[in-house]
There are 2 protein chains.
Amino acid sequence: MNDYLLKNDRDRDCPTDGGDRFQIEVDNAIFSVDLDRHRVLVLLVRQRNSSRFDRWCLPGTFVRLGESLEAAAHRIMSERIRARNLYLEQLYTFDGHSDPLDDRLSHQQLPPPDDGNLTLENPYISVSYFALVRWDEARIMGEGAIGTSWYPLNQVPPLIANYDRILQYGYKRLRNKLEYSPVAFEVLPETFTLSEVYQLYTAVLGEDFSDYSNFRSRLLKLGFLSDTGQKVSRGAGRPASLYRFDARAFEPLKDKPMVFI
Amino acid sequence: MNDYLLKNDRDRDCPTDGGDRFQIEVDNAIFSVDLDRHRVLVLLVRQRNSSRFDRWCLPGTFVRLGESLEAAAHRIMSERIRARNLYLEQLYTFDGHSDPLDDRLSHQQLPPPDDGNLTLENPYISVSYFALVRWDEARIMGEGAIGTSWYPLNQVPPLIANYDRILQYGYKRLRNKLEYSPVAFEVLPETFTLSEVYQLYTAVLGEDFSDYSNFRSRLLKLGFLSDTGQKVSRGAGRPASLYRFDARAFEPLKDKPMVFI
DNA sequence: GCAAAAGTGTTCCGACTACACCCATGC
DNA sequence: GCATGGGTGTAGTCGGAACACTTTTGC
């Protein structure tokens, strides 16, 4: 077939060269939490094609030569939104021989578009990344990001085939991250009230994941939140203390298993 | 540069075609546990090249057209060992512009080999998989697997650059999997003693992770180990009961967070 | 005063730790 | 008997769940 067969038979050692070549797609599951409206949002991109039906997918791009995977993931972010404070990590690598177009065709009975060398058998590899951004900074860039919008997680429109898997996996990661890592503080403002932390957690994990007062004391007992002394009043009720995440105090706990719920 | 720029600017939607192409390597971190000698082993492959120094790497291969990532990972397994009972899952996708050859060159001051189109800038993507196999079945295949051998984790020789990262990550995953999933029972014999389970855990997690009697009662309380009624005597001492993993009893617990230590 | 939100304290209970102790076998 | 490994039981302790209660604000 190709010369990798010869190569493999001759050497039987670490692969060096001779494999088939693939396009590598990076797709981001980008989440944000709107505390005021108490909901989780995901960034979607409209697929515009020759048909009249709009379908949606996660923002993605092809990896370029000389570009790292993470760099490609960052590039996706910066092309869509203007977020400075974000958390980004690799999610999973999906493969699939069902091309995105596969889905389009099967649903709409259209002839294949004349995209040149694109075929239904065109294999693809999607390295997906998980991102969480501050909602204040989650504004979509005007120019060049047409057809990009935030969707509440419970109102996500039908996605092109493989993006559903990525979104499911990403949401699962989001919940796990909240429970086992301090990722929440990367995406909260510099100073925040404990109630805001609680709002973030309930928006993602549901109302009944924990009692507020227990959540509160557990969080404080961990010892990496420092009281700024400042108070802030949000409408009626007693003013809340503003806290700050203390990275130095967290340092020794970094590699310990910890439950944040 | 390439036509993906045009494509991106024109459409700003889901990627369809036009990216650069990459060779995709799949590399497996394959572990096994020798209960008798009480140690964890990893499968390494010797890199044979033009120099006189042997370096080692993890068994890997290039993904072929029409082959899924997981299929490639399985192919690596079947080319090296004859294991029927194994656990396999994706680990992480590494990228790197330091080609394996990069390392060889920098250490040994050799001129680049004439491998044709292979350059130091040759980018590569390595999708790594984590595997755990039964030690009884972990015998290396004779023909075609020359230069393949098991190494105890604490005696691993220097690996070619990027394989170290994969091995580290794989070992971390192994420990996590033992603690939070019943993966141990996929790799133990059909029936086993509780002491064997404990041996497996201590070999991986260290001697002091838990007291045997507490480990024992915690494990039994979970309720998915059924006593076969059979006893087995290993030398001196009271004979041990043989247990069996009860998949039906475990089913309802599958998605619950659980600690197995 | 009253509602609303923040913050504190207290009781109950299950789970994990650290042992001590009993049981069955080989020699 | 006695060493060896398997198996059981228990007292102490820690931490989370549930919930009552207090504090401080707006109106």
Side-chain angles (χ1 to χ4, degrees), chain A residues 35-38 178-180 184 188-189 191-203 205-244 253 256-261, chain B residues 35-38 178-180 184 188-189 191-203 205-244 253 256-261:
Chain A
L35 293 183
D36 296 325
R37 306 191 57 178
H38 204 257
L178 273 196
E179 293 188 41
Y180 301 117
L188 281 165
T191 62
F192 46 83
T193 69
L194 293 183
S195 156
E196 282 167 337
V197 186
Y198 185 67
Q199 295 305 319
L200 174 56
Y201 271 77
T202 50
L205 301 176
E207 294 294 341
D208 52 348
F209 83 99
S210 172
D211 179 71
Y212 171 63
S213 80
N214 290 325
F215 175 81
R216 202 192 136 72
S217 36
R218 229 176 309 159
L219 206 51
L220 288 178
K221 193 163 37 178
L222 292 173
F224 53 72
L225 294 188
S226 59
D227 193 331
T228 62
Q230 296 174 300
K231 305 274 183 190
V232 63
S233 195
R234 313 246 195 259
R238 177 174 173 170
S241 295
L242 282 173
Y243 286 83
R244 183 191 310 278
L253 308 170
K256 307 233 177 299
M258 206 180 332
V259 177
F260 286 76
I261 54 165
Chain B
L35 294 183
D36 295 326
R37 307 190 58 179
H38 203 258
L178 273 196
E179 293 188 40
Y180 300 118
L188 281 165
T191 62
F192 46 84
T193 70
L194 292 183
S195 158
E196 282 168 337
V197 186
Y198 185 66
Q199 295 306 317
L200 175 56
Y201 270 78
T202 49
L205 300 176
E207 294 294 341
D208 52 347
F209 83 99
S210 173
D211 177 74
Y212 170 63
S213 80
N214 290 327
F215 175 80
R216 205 191 132 72
S217 35
R218 229 176 309 158
L219 205 50
L220 288 178
K221 191 163 40 177
L222 293 174
F224 52 73
L225 295 187
S226 58
D227 192 332
T228 62
Q230 295 173 302
K231 306 274 184 191
V232 63
S233 196
R234 312 244 196 262
R238 174 174 175 173
S241 295
L242 282 173
Y243 286 84
R244 182 191 309 278
L253 308 170
K256 307 235 177 300
M258 206 180 331
V259 178
F260 287 75
I261 52 166

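Chain identifiers are assigned alphabetically (A, B, ...) following the order of the sequence lines, protein sequences preceding nucleic acid strands; residue numbering begins at 1 within each chain.
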Checklist entry - Heavy atoms under 4.0 Å, any strand shown: does Lys231(A) hit a base, just sugar-phosphate, or nothing? => result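 It contacts nothing in the nucleic acid.
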
Checklist entry - Which part of the nucleic acid does Ser241(A) contact within heavy-atom distance under 4.0 Å: base, sugar-phosphate only, or nothing? => result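 Result for Ser241(A) = sugar-phosphate.
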
Checklist entry - Considering residues at least two apart in sequence or located in another chain, which fulfil the side chain to side chain contact (heavy atoms under 4.5 Å, CB included) criterion with Tyr212(A)? => result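 With sequence neighbours excluded, Tyr212(A) shows a side chain to side chain contact (heavy atoms under 4.5 Å, CB included) to Leu194(A), Ser195(A), Tyr198(A), Arg216(A), given in chain and number order.
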
Item to check | All side chain to side chain contact (heavy atoms under 4.5 Å, CB included) counterparts of Leu222(A), not counting sequence neighbours | outcome: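 Counting only residues at least two positions away or on another chain, Leu222(A) forms a side chain to side chain contact (heavy atoms under 4.5 Å, CB included) with Leu219(A), Phe224(A), Met258(A), Phe260(A).
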
Measure [atom1]/[X] against [atom2]/[N] and give the value in whole Å, please.
X	N	atom1	atom2	answer
Leu242(A)	dT24(D)	CG	P	17 Å
Arg234(B)	dA24(C)	CZ	C1'	16 Å
Glu196(B)	dG5(D)	CD	P	14 Å
Lys221(A)	dA17(D)	NZ	P	10 Å
Leu222(B)	dA15(C)	CG	C1'	12 Å
His38(B)	dG5(D)	NE2	C1'	15 Å
Tyr198(B)	dG5(D)	OH	C1'	13 Å
Gln230(B)	dG6(D)	CD	C1'	17 Å

What residues form a side-chain hydrogen bond (donor to acceptor under 3.5 Å, both in side chains) with [X], not counting sequence neighbours?
X	result
Gln199(B)	none
Ser213(B)	Asp211(B)
Thr193(B)	none

Item to check | Whether Phe209(A) and Tyr201(A) hold their rings parallel, tilted or perpendicular, with breakpoints at 30° and 60° | outcome: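 If you compare the ring of Phe209(A) with that of Tyr201(A), the planes turn out parallel.
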
Checklist entry - Mind checking what makes salt bridge (charged side-chain N to carboxylate O under 4.0 Å, His left out) contact with Arg238(B), not counting sequence neighbours? => result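 So Arg238(B) forms no salt bridge (charged side-chain N to carboxylate O under 4.0 Å, His left out) with any residue.
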
Using atom names, set out every protein N or O paired with an N or O of nucleotides 25-27 of chain D below 3.5 Å, distance rounded to 0.1 Å.
unit_1: dT25(D); atom_1: O2; unit_2: Gly237(A); atom_2: N; d: 3.3

Item to check | Given DNA chain C, 5'-ward residue of the pair Ser217(A) and Ala240(A), judged by closest heavy atom | outcome: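 Between the two, 5'-proximity favours Ala240(A).
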
Checklist entry - Does anything in residues 220-232 of chain B pair up under salt bridge (Lys or Arg N to Asp or Glu O under 4.0 Å), and if so which pairs, sequence neighbours excluded? => result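 Pairs touching residues 220-232 of chain B that pass the test: none.
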
Checklist entry - Under a 4.0 Å heavy-atom cut-off, which of residues 209-216 of chain A touch DNA chain D? => result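 When residues 209-216 of chain A is checked for heavy atoms under 4.0 Å from DNA chain D, the hits, listed by number, are Asp211(A), Ser213(A), Asn214(A).
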
Checklist entry - Looking only at heavy atoms, what is the nearest atom pair of Tyr243(B) and Leu220(B), with distance? => result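 Reported closest heavy-atom pair: CE2-CD2, 3.6 Å.
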
